[in-house]
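The structure appears below as structure tokens.
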Amino acid sequence: MSEELDLAPGAGPNVAGVEEERLLTTGEFARRGLLSAKALRLYDRQGLLPPDRIDPVSGYRYYRPERLATARLIVRLRGLDMPLATVAEVLALPGPAGAERIAAYWAAVERRTASQRALADHLRVQLSGLEGIEDMYRIEQRDVPEQVVLTERRRARPRELPEFIPAAIARLAGLAAGLGGVAGAPFVVYHGQVDEDNDGPVEVCVPVDPARAADLTAPHRTEPAHREAYTTLTKAQVEYPQILSAYDAVHTWGEQAGAEQAGPPREVYFADWDAAGPADRVCDIAFPVAG
């Protein structure tokens, strides 16, 4: 029987024993709860907003007026494009914990939006033949002194880097702790192309005090002093493939400036990655250059 034919409480023969004045029909509850009857049926099926009573003969559904606050909360959470599974999590939590879950959800939305915006910029630049790339990235130069670095090297594809890089930095930083600590910003050197078809190799480097070089037993090397051209990225811009636009920008600048590349490109991580937000500056894309 169609729910559109719901009667007022007490109008059917099988609602005896229910406090009729405290129950709302499906249609009235939907109207007052700011949602459609279709949405109400969906939330019932998902267990988010089941009725308080189902007439055993007519099948009519009834709701207590106190449930309207929950209905309106669901409507507003869905207004954030929140998945039903996450809505269920919020509803199951006490107020303060529910508020924290909403904040965590929205922070994830902002991170995703920032990443998508960076990706859109990358695609626009790529499809326009790098037109306007010089306006997206500020290229600077600096002199980098000689450094003694602990190293970890392996072959990796783009999808493996978000796990490999931080894990390798953490392992090397742990080794550096016994040598006076990390002595500079960790960096990642790409000794070969890394994309869907190529896997490097990739080398993670953590600088240590050169005065402790004689004490080193873990894999290490000396990174020579050099001059490099670089551009600084936000956390959102570091994701693959949008990070490739920054590499293109530095490479294009080098060609236009007549600066010959003198070594493999690298990423220099100078910020607390976990604490950084999407718009925070966290990484430099750098090319050693001659002269």
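Counting begins at 1 with the first residue of the sequence. Side chains included, hydrogens not; waters and symmetry mates left out as well; all remaining heavy atoms used.
Residues forming a salt bridge (charged side-chain N to carboxylate O under 4.0 Å, His left out) with Asp195 (at least two apart in sequence, or on another chain): none.
Minimum interatomic distance between Pro201 and Arg153 (heavy atoms only, all atoms of both residues): CG-NH2, 3.6 Å. Shortest non-hydrogen contact noted between Gln126 and Ser245 is NE2-OG, 3.9 Å.
To the nearest 0.5 angstrom, Ile102 atom CD1 is 11.5 Å from Glu89 atom CD.
Identified under the ring-ring contact (aromatic ring centres under 6.0 Å, His included) test for residues 81-112, with sequence neighbours left out: none. Applying the salt bridge (Lys or Arg N to Asp or Glu O under 4.0 Å) test to residues at least two apart or on different chains, none of the pairs has a partner in residues 177-194. For residues 204-232, the salt bridge (Lys or Arg N to Asp or Glu O under 4.0 Å) pairs, not counting sequence neighbours, are Arg142-Glu228, Asp143-Arg227, Glu203-Arg221, Arg212-Asp215, Arg221-Glu223, Glu223-Arg266.
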List, one per line, each side-chain donor-acceptor pair under 3.5 Å for residues 255-263, sequence neighbours excluded.
unit_1: Glu255; atom_1: OE2; unit_2: His251; atom_2: NE2; d: 3.2
unit_1: Gln261; atom_1: NE2; unit_2: Gly263; atom_2: O; d: 2.9

Taking only distance into account, with no hydrogens and no angle test, what donor-acceptor pairs under 3.5 Å do side-chain atoms of residues 163-189 form with protein atoms, sequence neighbours excluded?
unit_1: Arg171; atom_1: NE; unit_2: Glu152; atom_2: OE1; d: 3.1
unit_1: Arg171; atom_1: NE; unit_2: Glu152; atom_2: OE2; d: 3.3
unit_1: Arg171; atom_1: NH2; unit_2: Glu152; atom_2: OE2; d: 2.6

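For the pair Trp253 and Glu134, the minimum side-chain heavy-atom distance is 4.5 Å or more.
No side-chain N or O of Gln237 forms a donor-acceptor pair with one of Asp121 less than 3.5 Å apart. No donor-acceptor contact under 3.5 angstrom links the side chains of Glu28 and Tyr62, judged on distance only.
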